[in-house]
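Here is the structure we will look at, set down as structure tokens.
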Amino acid sequence: MPIITRFAPSPTGYLHIGSVRTALFCWLFAKHHGGQFLLRVEDTDRARSTPESVQTILEGMEWLGLDWDNKDYDGQGYYSQFAQRARHAEVARQMVANGTAYPCYASPEELDAMRAEQKEKGLPQRYDGRWRDRSASDAPAGISPVIRLKAPQTGETVVTDAVMGTITVQNSQLDDMVLLRADGTPTYMLAVVVDDHDMGITHVVRGDDHLTNTFRQIQIYKAMGWEIPVFAHLPMILGPDGAKLSKRHGAPAVSDYRDRGYLPEAVQNYLLRLCWAHGDDEIISTEQAIAWFDLDGIGKSPARFDFAKLGSVNAHYIKQAEDRRLTDLTAPILERLLGQALTQAQKDLLTRAMPDLKPRAQTLVEIAEMAVFYFHTGSIPVDEKAQKLLTPEAKQHLSALAELLKEKTDFTAPSIENVFRAYAEAKGLKLGSIAQPFRAALTGSTVSPPIFGVAALLGKQEVLRRVCGWVCN
RNA sequence: GUCCCCUUCGUCUAGAGGCCUAGGACAUUACCCUUUCACGGUAGUAACACGGGUUCGAAUCCCGUAGGGGACGCCA
């Protein structure tokens, strides 16, 4: 039987990076086994679900290259849970008919009072089954009931989880949960089970915040006589401080990583290594991941998010990436920094600078910041350290060097370097003592890519213009 | 409060009873390379939460304790 997994986010905000890790694992698992990976949007909460959030989910998935196999579904490209509400209600009715569910007429206020009382007495907060055995004739007039599961009250329910192992809970711990709301819409518990069954999901791979829900879901499967899928609950991703990863930690959404200049393949690789390992392998291509990934490699303990490590993985993929592609991704960031659009010639310059830029950066944003100086057309802003290098003596040398450079016909990095080396040797100077002021004059900073390469890229005219700005007056 | 799960360097992890003097990666420290900063290279610091068992032998199996996380909604 082919394996079918699904990713089932709810469109109520941004797409959480932890959810994306779940999606990655579902996707890899399906790919590894030649199965299918489906997307289902859990949009039954009408008050909180928005079309924008759905769009955010789709974009996030596409950015990471996690393609789903039901893109043609229903003309909208994914399975909508809300669209199945009639089916959910039908299942609830079937359960009432077969005696595994019943109507409950208790009002929300009444239940709040019940929970408050339980809490006060230190009792577990659970529905007490007050309508479980009452006959329909007791029903108050004019109130539409909710439908509750008639859960077994004795014995135990067992979850066999592919990650967590065998977990048992006493049925006395579980109460009669709501399946269908008073307005006839399904609750999450009912909807997931019905949809997972109807979609033929063979492996439910999801975050372990759903682990304790699984007991109750199994009871629904049993009530309907449906085959129970394999469950695999993934440990959560925590923030650097060990608390649930949230806005407080700065970057909870996938889009945050795109905006901060991380490459999708780097994010994917980093996420893959959270709670999963293949020996000592760290840098793992998508192809290798598909070949290697399986449920038995998943660990049980939660992982903390480490931006430093993400940075180093990203640096690796930046070094590997095509210069042209990096230019396309960096240009918009650079344009924002410069406050103007780049011309094609400037983009070409950026591409030619890229080999010197990319080994120095962990993110595309860093590349852009590092590259700004190439594009200054007026005076060059100079930082304090660079200013200090431009002593009267240094300026004299730069002036002399400018004269020598003026004569060069081949303005390449090696030939410029030769000029500097020969000059330094003739004057008994260390190369650094003239190269650093040169760097300061050209870039306005003490830190930059190799300066002779920078000079070659800038071109003779621009180099002389920038040097002249310091020595010609 | 009740129930469930988890626990190896600061972080991600390798580890399937002897291969462990506990390995790798990131971070960190020192040195080398060097026109700056990086890259790269070399070396170093650093962990089996604690307490009991089982066993000739335990990071690995069992039981407690502590700590962390999750679930207890007419949210998903």
Side-chain angles (χ1 to χ4, degrees), chain A residues 8-12 42-45 47-49 81 104 106-108 111-112 115 118-119 121-127 145-148 159 161 164-165 167-170 172-175 177-183 185-189 191-192 207-216 233 235-236 238 240 242-244 270 273-283 299-313 315 319 356-362 370 385-386 389 417 420-421 424 430-436 438-440 443 445-452:
Chain A
S10 54
T12 53
E42 306 218 320
D43 48 1
T44 51
D45 185 340
R48 296 199 300 148
S49 296
Q81 188 160 69
C104 165
S107 68
L111 295 174
D112 283 346
R115 286 191 201 96
Q118 287 169 339
K119 191 170 187 178
K121 290 182 180 172
L123 295 169
Q125 290 174 48
R126 287 197 278 268
Y127 174 70
V146 300
I147 302 298
R148 285 182 182 272
V159 172
D161 190 276
M164 297 298 178
I167 304 152
T168 304
V169 76
Q170 297 303 311
S172 56
Q173 297 296 327
L174 275 15
D175 64 1
M177 66 183 156
V178 173
L179 264 17
L180 209 61
R181 302 187 184 103
D183 65 2
T185 60
T187 61
Y188 164 76
M189 289 289 183
V192 248
D208 83 356
D209 46 338
H210 291 283
L211 185 59
T212 51
N213 289 333
T214 309
F215 299 112
R216 329 170 81 116
H233 287 95
M236 314 223 77
L238 275 17
K244 201 168 179 174
Y270 177 71
R273 288 288 290 99
L274 255 27
C275 305
W276 182 85
H278 181 268
D280 285 337
D281 295 302
E282 296 286 348
I283 296 298
K300 293 180 170 190
S301 45
R304 297 185 187 204
F305 202 96
D306 182 3
F307 285 94
K309 180 130 181 187
L310 205 215
S312 89
V313 174
K319 284 186 205 97
D356 279 341
L357 254 16
K358 64 183 182 181
R360 300 180 155 68
Q362 288 208 326
M370 211 183 312
K385 283 185 190 167
L389 285 172
E417 180 167 350
F420 273 72
R421 285 197 186 277
K430 287 216 271 187
L431 186 56
S433 68
I434 50 176
Q436 275 301 86
F438 190 46
R439 186 188 313 279
T443 72
S445 168
T446 55
V447 177
S448 84
I451 198 60
F452 305 121

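Quick note on labels: first sequence line is chain A, next is B, and so on, each numbered from 1.
In this structure, A/Lys300 reaches the B/rC6 phosphate: one of its side-chain N or O atoms is under 4.0 Å from OP1 or OP2. Taking 4.0 angstrom as the limit, A/Arg48 places none of its side-chain polar atoms (N or O) nearer than this to OP1 or OP2 of B/rA76.
Atom NE2 of A/His210 and atom P of B/rA71 are 9 Å apart (whole Å). Whole-Å rounding puts the A/Tyr127 OH to B/rC3 P distance at 23 Å. When the P atom of B/rU36 is taken as reference, atom CZ of A/Phe420 falls 14 Å away, rounded to whole Å. Whole-Å rounding puts the A/Asp208 CG to B/rC5 P distance at 11 Å. Distance CG (A/Asp209) to C1' (B/rA76): 10 Å, rounded to an integer number of Å. The nearest whole Å value for the distance from the CZ atom in A/Arg216 to the P atom in B/rC3 is 15 Å. Atoms CD (A/Gln173) and P (B/rG1) sit 15 Å apart, rounded to a whole Å. The interatomic distance linking A/Ile167 (CD1) with B/rC6 (C1') rounds to 11 Å, in whole Å.
Between B/rC31 and B/rA38, the two P atoms lie 14 Å apart (nearest whole Å). B/rG69 and B/rU34 have their C1' atoms separated by 48 Å, given to the nearest Å. Taking the C1' atom of each, B/rU2 and B/rG18 are spaced 43 Å apart, rounded to whole Å. Look at the C1' atom in both B/rG10 and B/rA27: the space between them is 8 Å, to the nearest Å. If you take atom P in B/rU65 and the same atom in B/rG24, they sit 37 Å apart, rounded to whole Å. Comparing the same atom, C1', in B/rC20 and in B/rG15 gives a spacing of 9 Å after rounding to whole Å. Spacing between B/rU7 and B/rA49 at atom P, rounded to whole Å, works out to 9 Å. With both ends at atom C1', the span from B/rG17 to B/rA76 equals 44 Å, rounded to whole Å.
Looking at heavy-atom distances under 4.0 Å, A/Thr212 makes contact with a base. The residue A/Pro449 sits close to a base: some heavy atom pair falls under 4.0 Å. Contact annotation for A/Gln118: no contact, since no heavy-atom pair falls under 4.0 Å across all strands. In this structure, A/Ala106 reaches the bases: a heavy-atom distance under 4.0 Å links it to at least one base atom across the strands shown. As judged by a 4.0 angstrom heavy-atom cut-off over every strand, A/Ser448 is placed among the base-contacting residues. Note on A/Pro235: nothing from the nucleic acid sits closer than 4.0 angstrom, heavy atoms only. A/Val178 comes within 4.0 angstrom of the backbone, heavy atoms only, and of no base.
Side-chain proximity of A/Glu417 to the nucleotides B/rU35, B/rU2, B/rA76 is greatest for B/rU35. Among the nucleotides B/rA76, B/rG70, B/rC74, the one closest to the side chain of A/Thr44 is B/rA76. Ranking B/rC75, B/rC4, B/rA71 by closeness to the A/Arg181 side chain, first place goes to B/rC75. Nearest nucleotide to the side chain of A/Arg148, out of B/rC74, B/rC26, B/rA71: B/rC74. Set against B/rA27, B/rC72, B/rU35, the side chain of A/Ala308 has B/rA27 as its closest nucleotide. Set against B/rA27, B/rA76, B/rC74, the side chain of A/Glu42 has B/rA76 as its closest nucleotide. Taking every side-chain heavy atom of A/Lys244 into account, B/rG70 is the closest of B/rG70, B/rC37, B/rC74.
Nucleotide B/rC26 forms a pair with B/rG10, judged by Watson-Crick or G-U wobble geometry with both contacts under 3.5 Å. Base-pair partner of B/rA38: not found among the strands shown (Watson-Crick or G-U wobble, both distances under 3.5 Å). In this structure, B/rA47 forms no base pair with any nucleotide, since neither Watson-Crick nor G-U wobble geometry is met with both distances under 3.5 Å. Judged by Watson-Crick or G-U wobble contacts below 3.5 Å, the nucleotide B/rG18 has B/rC56 as its partner. Across all strands shown, B/rG1 is found opposite B/rC72 as a Watson-Crick or G-U wobble partner, with both distances under 3.5 Å.
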Nucleotides 11-14 of chain B: which of its N/O atoms have a protein N/O under 3.5 Å away?
from: B/rC12; atom 1: OP1; to: A/Arg304; atom 2: N; distance (Å): 3.0
from: B/rC12; atom 1: O2'; to: A/Arg273; atom 2: O; distance (Å): 2.7
from: B/rU13; atom 1: OP1; to: A/Cys275; atom 2: N; distance (Å): 2.1

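A donor atom on one side chain and an acceptor atom on the other are found under 3.5 Å apart for A/Gln436 and A/Arg439.
Note: A/Lys244 NZ to A/Met236 CE = 5.0 Å, rounded to the nearest 0.5 Å. Note that CD1 of A/Ile283 is 7.0 Å distant from OG of A/Ser312, once rounded to the nearest 0.5 Å. Here A/His233 contributes atom NE2 and A/Ile167 contributes atom CD1; the two are 8.0 Å apart, rounded to the nearest 0.5 Å. How far OG of A/Ser10 is from OH of A/Tyr188: 9.0 Å, rounded to the nearest 0.5 Å. A/Phe420 contributes atom CZ, which lies 4.0 Å from atom CZ of A/Phe438 (distance to the nearest 0.5 angstrom).
Between A/Arg216 and A/Asp175 a salt bridge is recorded (basic side-chain N to carboxylate O distance below 4.0 Å).
Comparing A/Asp175 and A/Ala243 along RNA chain B, the residue whose closest nucleotide (by nearest heavy atom) sits nearer the 5' end is A/Ala243. The 5' end of RNA chain B is approached more closely, in terms of each residue's nearest nucleotide, by A/Leu211 than by the other of A/Arg115 and A/Leu211.
Every side chain to side chain donor-acceptor pair (under 3.5 Å) that A/Glu42 has, sequence neighbours left out, goes to A/Arg40, A/Gln81.
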Residue pair A/Leu274, A/Phe305: steps toward the side chain to side chain contact (heavy atoms under 4.5 Å, CB included) verdict = CA-CA 8 Å; A/Leu274 255 27; A/Phe305 202 96; 4.3 Å; yes
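Remark: the A/Arg360 side chain and the B/rC37 base include a donor-acceptor N/O pair separated by less than 3.5 Å.
Nearest heavy atoms, A/Ala435 versus A/Ile451: O-CG2, 4.3 Å. Minimum interatomic distance between A/Asn213 and A/Met189 (heavy atoms only, all atoms of both residues): OD1-CE, 3.0 Å.
Because its glycosidic torsion is within 90° of 0, B/rC39 is reported here as syn.
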